[in-house]
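The next block holds one structure in the form of structure tokens; read it before the comments.
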Amino acid sequence: MVDVMRATLHDAVVTRRGKAILGPVSYQLPSEGCTIVIGPNGAGKTTLLKTLHGVERLSQGRVDWGIPDEIARQQQAYVFQSPIMLRRSVRQNLIFPLSLSGVSKAEAAERVTYWAGKIGLAKMLDRPAPRLSGGEKQKLALARALIRDPAVLFLDEPCANLDGRSTREIESLLLDVQKSGTRVIMTTHDLGQAKRLATDMLFLLNGRINDHGPADAFFAAPASPEARAFLNGDIVE
Amino acid sequence: MNDIWSGLQAAFWLLITLDRDLIEITLRSLQVSLSALVIASAIALPLGTWLAIRRFRFRRAAIAALNALMGLPPVVVGLIVYLLLSRSGPFGVLGLLFTPTAMIIAQVIIITPLIASITHQAMRELWAEYHDLLISLNTSNWQRIKTLIFDGRRALLTASLAGFGRAIGEVGAIMIVGGNIDNATRVLTTAIALETGKGDFALALGLGFVLIALALVVNFAIHVLSRTERDGRW
């Protein structure tokens, strides 16, 4: 998984109803670690993630992962802001991505047991997934994303609306994932979480990258006045 | 009132004596409508789902046309199928006119738009829910359709039952293409029309009650078999 998957944005612009919601953005992401995207609501954080993942239609520019898009997408996984549960059991939700890529039943069962144990849902495998609690759904969505062993993992506010314990469980899972060499790109509104997890930061404002840099440097001394204000807890518009 | 009472009596007697004609007619009704249902579902369920997930140029027009076709007059469908299958028609050599096969063809044409339209409505909502996930997982169109059909099976059951209801109670088209021939193409609805025309209201009503009972039994059986409305199911 340590093969280089490095994303480069070339003048990427996303417009909706004539209004640019992202870009133009030109940026090369670091090839490893955990990138955390922060910024006020409507800054284009989700759009940026979706653009990198290749599911957002660009009006201009392109995203380059250094390998063909199809292959790149096969090695990526995305966890959405509100977890999407298939109307099936927990077990079937975990098996679903594996069955799409033709993993054998025996191996799928093995991986399901492993991941269900890891997220603490081992006893709930036969429960209908849409009836899980918010935290359980989020963990299931995360496990379902990780079960294919992706090289790149996108997370859109994975801990929004979760309490401290669920947040801690998810964060420790993310640290494990990062250690195993998976590239993590996530958005968050929680600056504490950003400090705990990030190796590098991106600050978005009005659809553009306002500031960026390695996490330590960024938190110690943000270059732009807006980023400084944002980190201080001021309302930036 | 008298007629209805004697109709009930007639139905009762037909049932407990297991009248040979009645059983034959009932089985043929079931055979024709269930075959039409299976064929129409095989076409309409993937079609309706496909319409829900695909964006193409004439999508709105296609959906509007489909909804309009739901109201297709059976008599006209019967007439067209008749012309196509008649000796001088393009498919005349097949010799299908006045056979149960012709009746099945007519009913498939009548109920496919109905099933496809209801399927489309139901699948649109499910697709809105699953859209992001299925796109993100890089699924093929066929995988998307399979997933939606599987997870939306309750709604699809309703669509199919609506189609069955229309097929089993339909008379105009099968009368024309089937011809209501005794021992060959007579079904419950055409028999009722015939007996009413002859003035034998008791028998007609008896057959009518059997028809209603049949529709209820089939619906109920399918619901029990597929366990809708049970706790823990969707």
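Labels below follow one simple rule: chain letters A, B, ... track the order of the sequence lines, proteins then strands, and each chain is numbered from 1. Just so you know, these numbers come straight off a predicted model, no measurement behind them.
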Is it true that atom CZ of Arg55(B) has more than 12 heavy atoms of other residues, nucleotides or ligands lying nearer than 6.0 Å? yes
Supply the atom-to-atom distance Leu137(B) CG to Arg148(A) CZ, rounded to the nearest 0.5 angstrom. 5.0 Å
To the nearest 0.5 Å, how far apart are CD in Glu56(A) and CD1 in Ile135(B)? 11.0 Å
Chain A contact via Thr139(B) - which portion, at a heavy-atom distance below 4.5 Å: side chain
Is it the case that over 12 heavy atoms from other parts of the model lie below 6.0 angstrom from the CG atom of Asp69(A)? no
Only heavy atoms, only distances under 4.5 angstrom. Which residues in residues 108-131 of chain B are near chain A? Leu126(B), Glu129(B), Tyr130(B)
Between Phe96(A) and chain B, which part of the residue has a heavy atom less than 4.5 Å away: side chain, backbone, both or neither? side chain
d(Leu134(B) CG, Leu86(A) CG) to nearest 0.5 Å is 7.0 Å
Taking everything shown except Tyr27(A) itself, do over 12 heavy atoms lie less than 6.0 Å from its OH? yes
Look at Leu100(A), Val79(A), Val55(A) and state which one has the largest set of heavy-atom pairs under 4.5 Å with chain B. Leu100(A)
Taking atom CZ of Phe56(B) as the centre, does the number of heavy atoms from other residues, nucleotides or ligands within less than 6.0 Å exceed 12? yes
Is it the case that more than 12 heavy atoms not belonging to Phe91(B) sit under 6.0 Å from its CZ atom? no
The single option from Arg87(A), Gln92(A), Arg88(A) that satisfies side chain to side chain donor-acceptor pair (under 3.5 Å) with Asp151(B) is Arg88(A)
Rounded to the nearest 0.5 Å, how far apart are CZ of Phe80(A) and OG of Ser136(B)? 4.5 Å
Counting only non-hydrogen atoms closer than 4.5 Å, does Thr147(B) touch chain A with its backbone (N, CA, C, O), its side chain (CB onward), both, or neither? both
If you measure from CG on Asn138(B) to CD on Gln75(A), what distance do you get to the nearest 0.5 Å? 11.5 Å
